[in-house]
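Values below: all heavy atoms of this structure, side chains included; hydrogens, waters and symmetry mates excluded.
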Protein chains: 2
Amino acid sequence: MEQYDASKYEKPSVAVDLLVFTIEDRRLKLLMIEREEEPFCGMPALPGVFVRMDETLDETAERGIAEETGLSGIYFEQLYTFGDIHRDPRMRIISVAYMALVPVEKLAYKAGERVRTAYLEDVEDLLAGDKEIAFDHRKIIEYARWRLANKVEYTDIAFHLVGKLFTLPELQIVYEVLLGKELYKANFRKKMADLIEETEYMTSGEAHRPSRLYRRKES
Amino acid sequence: MEQYDASKYEKPSVAVDLLVFTIEDRRLKLLMIEREEEPFCGMPALPGVFVRMDETLDETAERGIAEETGLSGIYFEQLYTFGDIHRDPRMRIISVAYMALVPVEKLAYKAGERVRTAYLEDVEDLLAGDKEIAFDHRKIIEYARWRLANKVEYTDIAFHLVGKLFTLPELQIVYEVLLGKELYKANFRKKMADLIEETEYMTSGEAHRPSRLYRRKES
DNA sequence: TCTAGTTAGTATATTATTACTACTAACTTC
DNA sequence: GAAGTTAGTAGTAATAATATACTAACTAGA
């Protein structure tokens, strides 16, 4: 990096692309926008924002999430950086992808305030077949999908997809959707035991046995 | 990303920082350079290269690895992108960190041809205490160290730190160094059994029982 | 008010993995 | 040929993962 005056050379633009995931009706959903201009006009795309000179990448991601969902303080993490030369046919744009996880209740609540018309797309449907997706966003989504399935096994990310209080069947559905396979109830409960604590509350009103509400344990 | 003409705005520079890891004498080592100018003159730093407009990020990483080690075709993967505003005090530089793994024999072999005077630093020593490291490179190294320990548990990356033929004690040392803990020989061998295949070759010349050489299984 | 339908939750057996000890094998050096 | 050293194997106890079968508690509708 020495002997190199960066100001002399042409620079790429840097953007942040956002993958806001949620779970609704036992399905993994992703916040997408429909492109309203060329290239890829009319096709689904990930929402994105350019990185400003006065903000860090994390700040750019936070700003983007706020612009798309009206939400702040939700969980997000950097995913991967995509830098193919012609990934945007207009110019060189390097994109840092960020993934956010949000319980669907929060998203629905803010739906009216969204800046652009973003909508939830079923991820498996979106990736099935060879439906067209703008830019290299299919690759980005596939990578995120893989990462989610992977990380759910060795981290606690699943908890970001449920509210403060949740039932164990609800949490199990999150795990099952992310992993893409069914789990054994008894085993699942054993494994969660250390991570959660009982509350006094129960669900009610459904045509079956009520379910206890839990919260995540601090420690 | 619509309604935004990126060419109007100031852009950050984008660089690739390289973490070339190897294992030598049962220790994890990292290829570092000594900075020869301000800022951080005299301090250890990660080698890095700027991203050119005509190359992808992966190509930049490959070029950088070749410049530092004279090697091509070695294993590498993108690690994380660091984008704090003043991480380089001179100007805004967003850095995409890449991690490469190479058996120490390969590195030693090419030592004479290196473009810059890079040297191997013991990672635990480097991170111990509060030794000064240039830029935000301590944070980058700590993250890579964590990722290595993590990934060795659920991937095959360890194999990239041994040659084509290797003994099981040698492979076990790689696992132990990356995990930072000792393993039980018998269990380790059972777990590796599916991943490797025997060769007819044995080590020789050492003052103890010779060790069989294995190779990685294709399937 | 009783029964069917439905989901919540528990008990327990089986299998696989991990943790650990103890040994035997094969080389070099002195 | 004995001592030192590392390679490699056998086997066992403790723990965790996998799997099945059951009981519990609600609503809806007859």
J.: To the nearest Å, how far apart are B:Asp194 CG and C:dA16 P?
T.: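 Result: 13 Å.
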J.: For A:Leu183 and C:dA8, what is the distance between atoms CG and P respectively, to the nearest whole Å?
T.: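 Whole-Å distance recorded here is 14 Å.
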J.: For residues 178-198 of chain B, which side-chain donor-acceptor pairs fall under 3.5 Å, sequence neighbours excluded?
T.:
none

J.: Take the protein atom CG of B:Leu213 and the nucleotide atom C1' of D:dT6, then report the distance between them rounded to whole Å.
T.: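 Rounded to the whole Å, the gap is 15 Å.
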J.: With sequence neighbours left out, write down each residue that passes side chain to side chain contact (heavy atoms under 4.5 Å, CB included) with A:Asp122, or none if nothing qualifies.
T.: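 With neighbours one apart ignored, the set is A:Arg27, A:Lys29, A:Glu124, A:Asp125.
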J.: Are B:Arg35 and B:Phe40 in a cation-pi contact, defined as NZ or CZ under 6.0 Å from the six-membered ring centre and within 45° of the axis?
T.: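 No - B:Arg35 does not lie over the ring of B:Phe40 by the 6.0 Å and 45° rule.
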J.: Who passes ring pair (Phe, Tyr, Trp, His ring centres under 6.0 Å) against A:Tyr98, sequence neighbours left out?
T.: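 Counting only residues at least two positions away or on another chain, A:Tyr98 forms a ring pair (Phe, Tyr, Trp, His ring centres under 6.0 Å) with A:Phe76.
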J.: Return the set of residues passing side chain to side chain contact (heavy atoms under 4.5 Å, CB included) with B:Thr203 (not counting sequence neighbours), or none when no residue passes.
T.: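 B:Thr203: side chain to side chain contact (heavy atoms under 4.5 Å, CB included) contacts with B:Thr167, B:Glu206, B:Pro210, B:Ser211, B:Leu213.
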J.: Of all of residues 148-156 of chain B, which get a heavy atom below 4.0 angstrom from DNA chain D, listed by number?
T.: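 The stretch gives none, as no residue of it lies under 4.0 Å from the strand.
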J.: Does anything in residues 158-174 of chain A reach DNA chain D, meaning a heavy atom under 4.0 Å, and if so which residues?
T.: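 Contacting residues: none.
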J.: Under the side chain to side chain contact (heavy atoms under 4.5 Å, CB included) test, which residues partner A:Arg138, sequence neighbours left out?
T.: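 Partners of A:Arg138 under the side chain to side chain contact (heavy atoms under 4.5 Å, CB included) test: A:Leu127, A:Lys131, A:Ile133, A:Glu142.
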J.: Quick one: does any side-chain atom of A:His137 pair with a main-chain N or O of A:Ala45 as donor and acceptor, under 3.5 Å?
T.: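 A pair under 3.5 Å: no.
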J.: Taking only side-chain nitrogens and oxygens of B:Arg189, does any of them come within less than 4.0 Å of OP1 or OP2 of D:dG8?
T.: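 For D:dG8, OP1/OP2 do have a side-chain N/O of B:Arg189 under 4.0 Å.
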J.: Please give the angle, rounded to 10 degrees, between the axes at the start and the end of the helix from C:dT1-D:dA30 to C:dC30-D:dG1, where five pairs define each axis.
T.: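 It comes to 0° between the two terminal axes.
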J.: Ignoring backbone atoms, test whether A:Ser211 places a side-chain nitrogen or oxygen under 4.0 Å from the OP1 or OP2 oxygen of C:dG9.
T.: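 Looking at the OP1 and OP2 atoms of C:dG9, one of them is under 4.0 Å from a side-chain N or O of A:Ser211.
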J.: Could you state the CE-P distance from B:Met202 to C:dT28, rounded to the nearest angstrom?
T.: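 After rounding, the reported distance stands at 12 Å.
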J.: With sequence neighbours excluded, what pairs up with A:Thr81 under the side chain to side chain contact (heavy atoms under 4.5 Å, CB included) test?
T.: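 Partners of A:Thr81 under the side chain to side chain contact (heavy atoms under 4.5 Å, CB included) test: A:Gln78, A:Ile94, A:Val96, B:Leu57, B:Gln78, B:Thr81, B:Val96.
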J.: Could I get the full list of ring pair (Phe, Tyr, Trp, His ring centres under 6.0 Å) partners for B:Tyr214, not counting sequence neighbours?
T.: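 Testing B:Tyr214 for ring pair (Phe, Tyr, Trp, His ring centres under 6.0 Å), a comparison that skips the adjacent residues, returns none.
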J.: A:Arg147 side chain to A:Leu79 main-chain N or O, any donor-acceptor pair under 3.5 Å?
T.: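 Yes, the answer is positive, given that a donor and an acceptor are paired below the 3.5 Å cut-off.
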J.: So if I define the base as every atom that isn't primed, P, OP1 or OP2, how would nucleotides 18-30 of chain D read as a B/S/- string at a heavy-atom cutoff under 4.0 Å?
T.: BBB---BBBS---
J.: Going by an N to O cut-off under 4.0 Å, is there a salt bridge joining A:Glu67 and A:Arg63?
T.: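 A salt bridge links A:Glu67 with A:Arg63.
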J.: Could I get the full list of salt bridge (Lys or Arg N to Asp or Glu O under 4.0 Å) partners for A:Asp25, not counting sequence neighbours?
T.: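 Testing A:Asp25 for salt bridge (Lys or Arg N to Asp or Glu O under 4.0 Å), a comparison that skips the adjacent residues, returns none.
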J.: Could you tell me whether a side-chain N or O of A:Arg87 sits under 3.5 Å from a main-chain N or O of A:Ile93, the two making a donor and an acceptor?
T.: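 Pair found, side chain donor or acceptor close to backbone of A:Ile93.
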